[in-house]
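The figures here come from the full heavy-atom set of this structure, side chains too, leaving out hydrogens, waters and symmetry mates.
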Amino acid sequence: MSLQPSEISFDNSYVRELDGFFVPWKGAEFPAPELLRLNHSLAEQLGLSTKTLTTDEGVNLLTGASLPDHAASIALAYAGHQFGGFSPQLGDGRALLVGEVLDLDGDRYDLHLKGSGRTPFSRGGDGKAVLGPVLREYLIGEAMHALGIPTSRALAASLTGEMVAREKLEQGAVLARVASSHLRIGTFQFFAARGETEKVCKLADYAINRHYPDLANQSERYLELFRRVRDAQVSLIAKWVLVGFVHGVMNTDNMTISGETIDYGPCAFIDTYDPKAVFSSIDEHGRYAYGSQPTIGQWNLARFAETLIDLVNPDDSKDAIERLTSELNIYPAKYQSEWLAGMRAKLGLLRNDDDDLQLANGLYESMENQNVDFTNLFRSLAALVEGNDKEPVRALFDDPQAGFNDWLVRYEARLQREETSPVARAQAMNRINPAYIPRNHLVEESLSAANEGDMKPFDQLYEVLSHPFDERPGAERFAEPAPADFGRYMTFCGT
């Protein structure tokens, strides 16, 4: 029995409009697929029947083993700069795009499977995923969504019924995720590196129609496309930095045209503030450190600009380069503006002041080498604003006299220049500063338990992270930093 078109309806614009940009492919057949977790609210938003998805046929769909006739599973082609070195062919080595669905508002989303087996792009890998990394992406992606950060989202996590060889044998799993598309900077690089300008143009037109349709009839649409992607990336990376998120592998094949976060491999959140924080085991030189992410964002956009030169001005590459470079050079100012707007909100500043940039930077400087819990600092500042008790926030610093006390005097003087009630200001701050983030030790605790068959810690953490701004009695441990014996945290790319 197969799923009927009336139960789940796919569209396939990528297949229909971008022939030659993918390889048709079928997922592996797994011995005993089993649905582990289904995101019911997301399924309902997408207009998908949860009843259908929980059947055997639904689980086969969510693992890629069996698809409706009107689906069109494909492995996407793309290239990418990985840690600065260019790889001309990467592609979906362990993933499949099985189709596109239109949600209840008419918005289009890819349904993409991760861990569905080998493809022509697997480059010697087995194309499989294991349970821990699948649940990590499920958990952190949904946490990012709850934090208001653009992201791919987890629809389902399924077990495959087989053991997969990594450092040891681990349970095989597949993640079904959705995103507004999986168009990457690396997708453009794949064809630009081959000199296939017509395909780059076709891809750009598709990206415009899908993500920025108001540009479709503009004469300068390819330059405007670069501007839109630049602004989307500026906004995204500023949001990452403002919540202490470290993506960990900002290769150009992991950066989307839409400005969504994708590919949660060696990602993590900082506990104590450290601009050099790196969690990925393979980022030996700190290329993608927490504080380096804005700079890397601009570097990646430069690679995107290179793919558009022949589109911006087919007759004069020098002119195209000058115009694209001019737009790229706006990036630092745009990023600073976006980050500063976010910092004003985090600090409860309701209007702009010329000294706000210095004030915001001063707070970061005061946190240097002070073992300050980044997330709890801003919640403590809200409590200070409301009740004027300075000791809880001072207690977060090893030595508040080293700089924070002076900063606090400046901050209080700045607040006095605005006529807002302390309670209203604190409430506004707590709507933007989370009480709960995916603390690394809690993530690992939940994944370790899941590997042993106990999903309770995962479910508890997932529930708390689904409402990150709402403090709740009994959830205090979810807001605490890692214990001293947790040690240096390290993450790994391999799923």
Side-chain angles (χ1 to χ4, degrees), residues 81 144 147-151 180-181 183-186 188-189 204 207-208 210-215 218 220-247 250-252 254-262 275 287-309 311-313 319-347 349-365 432-433:
H81 277 86
M144 294 282 275
L147 289 166
I149 298 174
T151 179
S180 62
S181 84
L183 297 174
R184 313 155 190 261
I185 292 175
F188 284 78
Q189 288 181 294
I208 287 170
R210 183 156 179 175
H211 294 295
Y212 310 107
D214 60 303
L215 305 183
Q218 293 189 18
E220 298 280 305
R221 61 185 177 277
Y222 302 120
L223 185 63
E224 186 60 34
L225 172 64
F226 178 78
R227 293 189 186 109
R228 296 290 182 90
V229 174
R230 175 200 63 199
D231 292 352
Q233 287 294 324
V234 161
S235 177
L236 178 66
I237 296 170
K239 287 181 170 64
W240 289 356
V241 171
L242 288 163
V243 296
F245 176 74
V246 184
H247 184 277
M250 289 176 65
N251 298 329
T252 56
N254 292 334
M255 307 305 290
T256 62
I257 301 306
S258 63
E260 290 174 302
T261 314
I262 61 167
R287 177 180 176 86
Y288 299 141
Y290 167 66
S292 299
Q293 293 178 123
T295 303
I296 290 297
Q298 185 174 17
W299 192 92
N300 287 340
L301 284 166
R303 308 290 76 78
F304 180 50
E306 290 166 354
T307 72
L308 300 178
I309 291 170
L311 276 60
V312 170
N313 190 335
D319 172 71
I321 291 170
E322 288 177 352
R323 298 174 75 189
L324 286 161
T325 300
S326 177
E327 295 298 334
L328 182 66
N329 288 342
I330 296 172
Y331 176 101
K334 280 191 167 287
Y335 177 82
Q336 179 176 283
S337 176
E338 191 81 16
W339 175 81
L340 182 56
M343 280 299 294
R344 284 193 178 104
K346 289 176 77 68
L347 293 172
L349 306 178
L350 305 181
R351 64 174 178 80
N352 298 350
D353 190 294
D354 290 342
D355 295 333
D356 287 346
L357 179 61
Q358 184 179 3
L359 183 72
N361 284 329
L363 178 58
Y364 274 66
E365 291 166 5
I432 200 74
N433 294 310

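Put simply, the side chain of R344 reaches to within 4.5 Å of the side chain of L340, judged on heavy atoms. Contact check for I208 versus Q218: no side-chain heavy atoms found under the 4.5 Å cut-off. Between V241 and Y335 the shortest side-chain heavy-atom distance falls below 4.5 Å. By the 4.5 Å heavy-atom criterion applied to side chains, K239 and T261 are not counted as neighbours. In this structure, L242 and M343 have side chains that are in contact, with non-hydrogen atoms separated by less than 4.5 Å. Inter-residue side-chain proximity for Q189 and T252 is flagged as met; some heavy-atom pair is nearer than 4.5 Å. With contacts defined as side-chain heavy-atom distances shorter than 4.5 Å, the pair I257/R210 does not qualify. Annotation: side chain of L347 is not in contact with side chain of D356 (no heavy-atom distance under 4.5 Å).
Between K334 and E338, none of the side-chain N atoms (NZ, or NE/NH1/NH2) sits under 4.0 Å from a carboxylate O, so this pair counts as no salt bridge. For the pair R303 and E306, the salt-bridge criterion is met [side-chain N within less than 4.0 Å of a carboxylate O].
Rounding to the nearest 0.5 Å places CD of E224 at 8.0 Å from CD of E327. Within the model, atoms OH of Y331 and CG of N300 stand 8.5 Å from one another, a figure rounded to the nearest 0.5 Å. To the nearest 0.5 Å, atoms CG (N352) and CG (D354) are separated by 9.0 Å. Here the straight-line distance linking atom CG of D353 with atom CG of L359 works out to 9.0 Å at 0.5 Å rounding. Taking NE2 from H247 and CG from N254, the interatomic distance works out to 5.0 Å, rounded to the nearest 0.5 Å. Note that CG of L311 and CG of L308 are 6.0 Å apart. Values are rounded to the nearest 0.5 Å.
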Hey, mind stepping through W339 and I237 against side-chain contact (heavy atoms from CB on, under 4.5 Å) and telling me if it holds? CA-CA 9 Å; W339 175 81; I237 296 170; over 6 Å; no

Decide yes or no on side-chain contact (heavy atoms from CB on, under 4.5 Å) for W240 and I149, but give the supporting numbers first. CA-CA 8 Å; W240 289 356; I149 298 174; 4.0 Å; yes

Test side-chain contact (heavy atoms from CB on, under 4.5 Å) applied to L215 and E220, step by step: CA-CA 8 Å; L215 305 183; E220 298 280 305; over 6 Å; no

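Nearest heavy atoms, A302 versus L328: CB-CD2, 3.6 Å. When every heavy atom of F226 is checked against every heavy atom of L301, the shortest pair comes out as CE1-O, 3.4 Å. The heavy-atom pair separating K346 from I432 by the smallest distance is CA-CG2, 3.8 Å. In terms of heavy-atom proximity, A207 sits nearest to F188 at CB-CZ, 4.2 Å. The two residues P150 and G259 have their closest heavy-atom pair at CB-O, 3.4 Å. Taking both residues in full, the closest heavy atoms of A232 and S258 are given as CB-O, 3.9 Å, listed atom of the first, atom of the second, then distance.
Aromatic ring pairs are classed by plane angle as parallel below 30°, tilted from 30° to 60° and perpendicular above 60°; the pair H81 and W299 is perpendicular.
Surrounding CG of L223 are more than 12 heavy atoms belonging to other residues, nucleotides or ligands, all under 6.0 Å away.
In this structure, the side chain of Q298 does not engage the main chain of N329 through any donor-acceptor pair within 3.5 Å.
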